[in-house]
Amino acid sequence: MADEVVGIVGAGIVGLAIGREITRRRPGTRVVLLEKEPRVAAHQTGHNSGVVHAGIYYTPGSLKARLCTRGAAMLREYCADRRLPYDECGKLVVAVSADDVVRLDALAARAGQNAVPGLRRVGPEEIREIEPHATGRAALYSPRTAITDYSRIAQSFADDVAAAGGEVRLGFPVTRIAPAGGGLEVASDADALTVDQLIICAGVHSDVVSALAGDVAGPRIVPFRGEYMRIRPEKTHMVRGLIYPVPDPRYPFLGVHFTRRVSGDVEVGPNAVLATAREGYRRGNVSLPDLYRIAAWPGTWRMAARHWRTGIREVYGSVSKRAYMTAARRYVPEIRAADVVRDGSGVRAQALDRDGSLVDDFRIHRLGPVTAVRNAPSPAATSCMAIAEHVLDVLDG
Ligand SMILES: Cc1cc2nc3c(=O)[nH]c(=O)nc-3n(C[C@H](O)[C@H](O)[C@H](O)COP(=O)(O)OP(=O)(O)OC[C@H]3O[C@@H](n4cnc5c(N)ncnc54)[C@H](O)[C@@H]3O)c2cc1C
């Protein structure tokens with residue numbers, strides 16, 4: 001439709017990738033991104049591990065499996081084109097116990113179905129060749145897993161949107177969405193915009209903003225803080241690329257891992273601690289309205305009843321650096337608590353269903369003129385360009 005206006009709530013990497021894709025596919029459409037913060041990529045996009053996943057973990061046929069593989073290939077090409085950092089430093093998923101080996105084999109079968117490029121199983125000697133300070137019984141090696149800088153990619157997408165005639169309005173917290181003529185009025189306390197279509201990509205606030213637009217069904221977002229430690233510069237030689245544990249299939253999180261950054265820093269983390277505020281980057285951050293929403297959702301209590309042991313372990317690791325590093329030392333035994341310093345953290349927007357299940361796959365709802373991205377956890381940064389294609393297909397369909 002010519003002269004159509006599409007509003008997007010949220011200028012994280014998902015909203016920006018969708019905005020950019022609209023300007024490419026629908027040249028007559030005006031795109032306006034509304035972002036509450038004074039800059040793009042202020043939340044998950046700017047507080048993550050910077051890994052471009054290769055698609056090892058995801059249920060074959062799921063949106064995550066399909067969009068991660070395609071998204072990684074698109075991102076690789078985009079970064080090469082724009083001269084943005086993209087380093088295929090490779091990743092080892094390491095089994096340290098007999099149980100791990102069984103789960104590693106299941107993971108290898110899954111990765112095979114997902115056609116992960118170049119993936120192979122390696123033994124203890126080859127682990128040492130790839131990562132001289134790591135140890136394990138067996139591992140999966142993914143040479144194409146990469147690292148990048150998602151904040152820079154997000155800024156580049158914002159520049160693309162502006163260059164194509166779109167707009168990114170910063171400092172615009174959407175507080176009201178109401179029908180207006182054939183479309184919608186999307187407003188902050190100070191400003192308003194009328195749109196024909198609205199796409200919600202509000203990360204940790206996606207359930208709240210969706211509810212403003214009448215999409216009141218679950219899932220609800222439960223924030224999980226992920227805290228990082230940074231390895232002191234004199235010890236970063238201990239990690240060449242990425243070293244991950246074999247994930248526990250009951251959780252959507254990958255476990256504390258070692259991550260090389262494009263800056264040359266090496267980080268350990270993130271853990272996964274239930275946060276007491278949606279933007280609770282520090283342990284002391286508490287928001288009573290957020291806590292109320294989390295506590296009022298039946299799924300929270302069902303999840304707590306199922307996973308309280310893991311919850312207590314994660315909180316202990318959060319408080320005690322020594323406990324945190326005990327888990328990490330199973331993979332790189334020489335690393336000591338004294339070799340790391342506490343670093344930043346990120347807050348994951350993890351959707352939780354009413355029955356207490358952590359929503360694993362990406363979830364996108366469409367309700368008339370509103371399309372809401374209700375669950376876009378990792379690997380959504382990797383997958384962002386493919387998620388954008390998918391959302392446009394949903395809109396066109
Ligand atoms: C600790 C951590 C590590 C991760 N590691 C990886 C990784 O290595 N690889 C990977 O692929 N993925 C990773 N992820 C996941 C990835 O970062 C996210 O999936 C991705 O950034 C989601 O992007 P988004 O645009 O949906 O959300 P966000 O980046 O959170 O953006 C949402 C935006 O919406 C805005 N907003 C919210 N409410 C409103 C409102 N009312 N009005 C206006 N604006 C609003 C927010 O300010 C925010 O800017 C990680 C995430 C975390 C937290």
Side-chain angles (χ1 to χ4, degrees), residues 7-19 33-55 57 64 67-68 71-72 75 91 145-151 153-154 157-158 168-177 186-189 191 198-213 221 223-228 242 244 252-254 256-257 259 261 267 269-273 275 278-279 281 343-351 362 364 372-384 386-388 391:
I8 300 175
V9 184
I13 204 160
V14 173
L16 287 162
I18 294 170
L33 281 120
L34 305 171
E35 168 55 52
K36 70 183 173 70
E37 302 293 347
R39 61 194 163 92
V40 304
H43 290 292
Q44 294 176 93
T45 300
H47 293 87
N48 60 36
S49 300
V51 176
V52 183
H53 291 286
Y57 306 102
K64 274 190 179 177
L67 302 182
C68 178
L75 217 51
K91 158 163 148 180
T145 299
I147 50 175
T148 188
D149 182 336
Y150 286 116
S151 296
I153 294 173
F157 287 167
V168 181
R169 285 198 202 169
L170 301 172
F172 193 120
V174 172
T175 51
R176 194 170 54 81
I177 300 169
V186 186
S188 69
D189 293 341
D191 209 347
L198 185 68
I199 303 171
I200 297 170
C201 308
V204 83
H205 300 276
S206 61
D207 53 348
V208 176
V209 180
S210 299
L212 293 178
I221 293 295
F224 280 91
R225 189 174 58 255
E227 299 153 328
Y228 291 92
L242 306 166
Y244 279 61
F253 312 124
L254 298 178
V256 166
H257 44 264
T259 312
R261 298 283 191 165
E267 288 191 330
N271 57 359
V273 186
R278 284 175 192 256
E279 293 172 11
Y281 290 96
D343 204 7
S345 66
V347 181
R348 301 176 183 86
Q350 175 59 51
F362 298 146
I364 295 160
V373 177
R374 297 293 300 262
N375 193 44
S378 183
T382 302
S383 317
C384 62
I387 293 176
V391 167

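Ligands are counted one by one from 1 in listed order, and the atoms in each one are counted from 1 as well.
- Side chain of Thr382 to main chain of Cys68: no donor-acceptor pair is present (N/O by atom type, distance under 3.5 Å, no hydrogens or angles).
- Considering backbone and side-chain N/O of Ala376, one or more are found under 3.5 Å from N/O of ligand 1.
- Looking at Val347 against ligand 1, only its backbone comes within 4.0 Å, counting heavy atoms.
- Near Tyr228, with a cut-off below 4.0 Å to any heavy atom, the atoms of ligand 1 are 1 (C), 2 (C), 3 (C).
- With respect to atom 36 (N) of ligand 1, the closest heavy atom belonging to the protein is Lys36 CE, 4.0 Å.
- One finds the CG atom of Leu34 at 11.0 Å from the CD1 atom of Ile200 (value rounded to the nearest 0.5 Å).
- The protein heavy atom nearest to atom 37 (C) of ligand 1 is Ala202 O, 3.4 Å.
- Scanning the protein heavy atoms around atom 31 (O) of ligand 1, the nearest turns out to be Gly12 CA, 3.4 Å.
- Atom numbering of ligand 1 starts at 1 in the shown order; those under 4.0 Å from a heavy atom of Arg348 are 52 (C), 53 (C).
- Residue contact annotation: Ser378 has a non-hydrogen atom under 4.0 Å from ligand 1.
- Val204 does not count as a contact of ligand 1, since none of its heavy atoms falls under 4.0 Å from the ligand.
- Under a 3.5 Å cut-off, the side chain of Ser383 and the backbone N or O of Ala386 do not form any donor-acceptor pair.
- Residue Pro377 touches ligand 1 through its backbone alone, judged by heavy-atom distances below 4.0 Å.
- Between the side chains of Thr259 and Tyr244, no donor-acceptor pair is found at a separation under 3.5 Å.
- Side-chain contact check for Phe362 versus Pro379: some heavy-atom pair is nearer than 4.5 Å.
- Considering only heavy atoms from C-beta on, His43 stays 4.5 Å or farther from Val204 through its side chain.
- When side chains are defined from C-beta on, Val51 does not count as touching Ser378, because their heavy atoms never get closer than 4.5 Å.
- Residues Asp207 and Arg278 are in side-chain contact: their nearest non-hydrogen atoms beyond the backbone lie under 4.5 Å apart.
- The shortest contact between atom 41 (N) of ligand 1 and any protein heavy atom is with Val174 O, 3.1 Å.
- Under the 4.0 angstrom criterion for non-hydrogen atoms, Phe224 is not in contact with ligand 1.
- Ligand-side atoms of ligand 1 in range of Gly50: 8 (O), range being under 4.0 angstrom from any heavy atom.
- At a 4.0 Å heavy-atom cut-off, ligand 1 does not touch Phe362 at all.
- Considering both main-chain and side-chain atoms, Thr45 comes within under 3.5 Å of ligand 1 through a nitrogen or oxygen pair.
- By the 3.5 Å distance cut-off applied to N or O atoms, Pro270 is not counted among the residues near ligand 1.
- Heavy-atom proximity to atom 33 (C) of ligand 1, evaluated over His43, Arg225, Glu227, Glu35, is greatest for Glu35.
- The option with the heavy atom closest to atom 32 (C) of ligand 1, from among Gly10, Cys201, Pro38, is Cys201.
- Arg348 has its side chain out of reach of Pro377: every pair of non-hydrogen atoms, C-beta onward, lies at least 4.5 Å apart.
- In this structure, Cys384 SG and Leu75 CG are separated by 5.5 Å, a value rounded to the nearest 0.5 Å.
- When hydrogens are left out, the protein atom nearest atom 38 (N) of ligand 1 is His205 CB, 3.5 Å; that is the closest non-hydrogen contact.
- Within the 4.0 Å heavy-atom criterion, the part of His53 lying near ligand 1 is the side chain and not the backbone.
- At a 3.5 angstrom cut-off on N or O pairs, Ser49 counts as close to ligand 1.
- No side-chain donor-acceptor contact under 3.5 Å links Glu37 to the backbone of Arg39.
- Summarising the geometry, atom NE2 belonging to His53 is positioned 5.0 Å from atom NZ belonging to Lys91; distances are rounded to the nearest 0.5 Å.
- When hydrogens are left out, the protein atom nearest atom 4 (C) of ligand 1 is Asn48 CB, 3.1 Å; that is the closest non-hydrogen contact.
- Looking at Ile13 next to ligand 1, an N or O pair under 3.5 Å apart turns up.
- In this model, no donor atom of one side chain and acceptor atom of the other lie less than 3.5 Å apart for Tyr228 and His47.
- Formation of a donor-acceptor pair under 3.5 Å by the Ser151 side chain with backbone atoms of Ala41 is not found in this model.
- The protein heavy-atom contact nearest to atom 30 (O) of ligand 1 is Gln44 NE2, 3.1 Å.
- Proximity to Leu34 (heavy-atom distance under 4.0 Å) selects the following atoms of ligand 1: 43 (C), 44 (N).
- Among Val14, Val51, Val209, Val186, the residue whose heavy atom sits closest to atom 23 (O) of ligand 1 is Val14.
- A 4.5 Å side-chain heavy-atom check between Lys36 and Val174 finds every atom pair outside the cut-off.
- Ligand-side atoms of ligand 1 in range of Pro173: 42 (N), range being under 4.0 angstrom from any heavy atom.
- When only non-hydrogen protein atoms are considered, atom 2 (C) of ligand 1 lies nearest to His47 O, 3.6 Å.
- Looking only at side-chain heavy atoms (C-beta outward), Cys201 and Ile18 come within less than 4.5 Å of each other.
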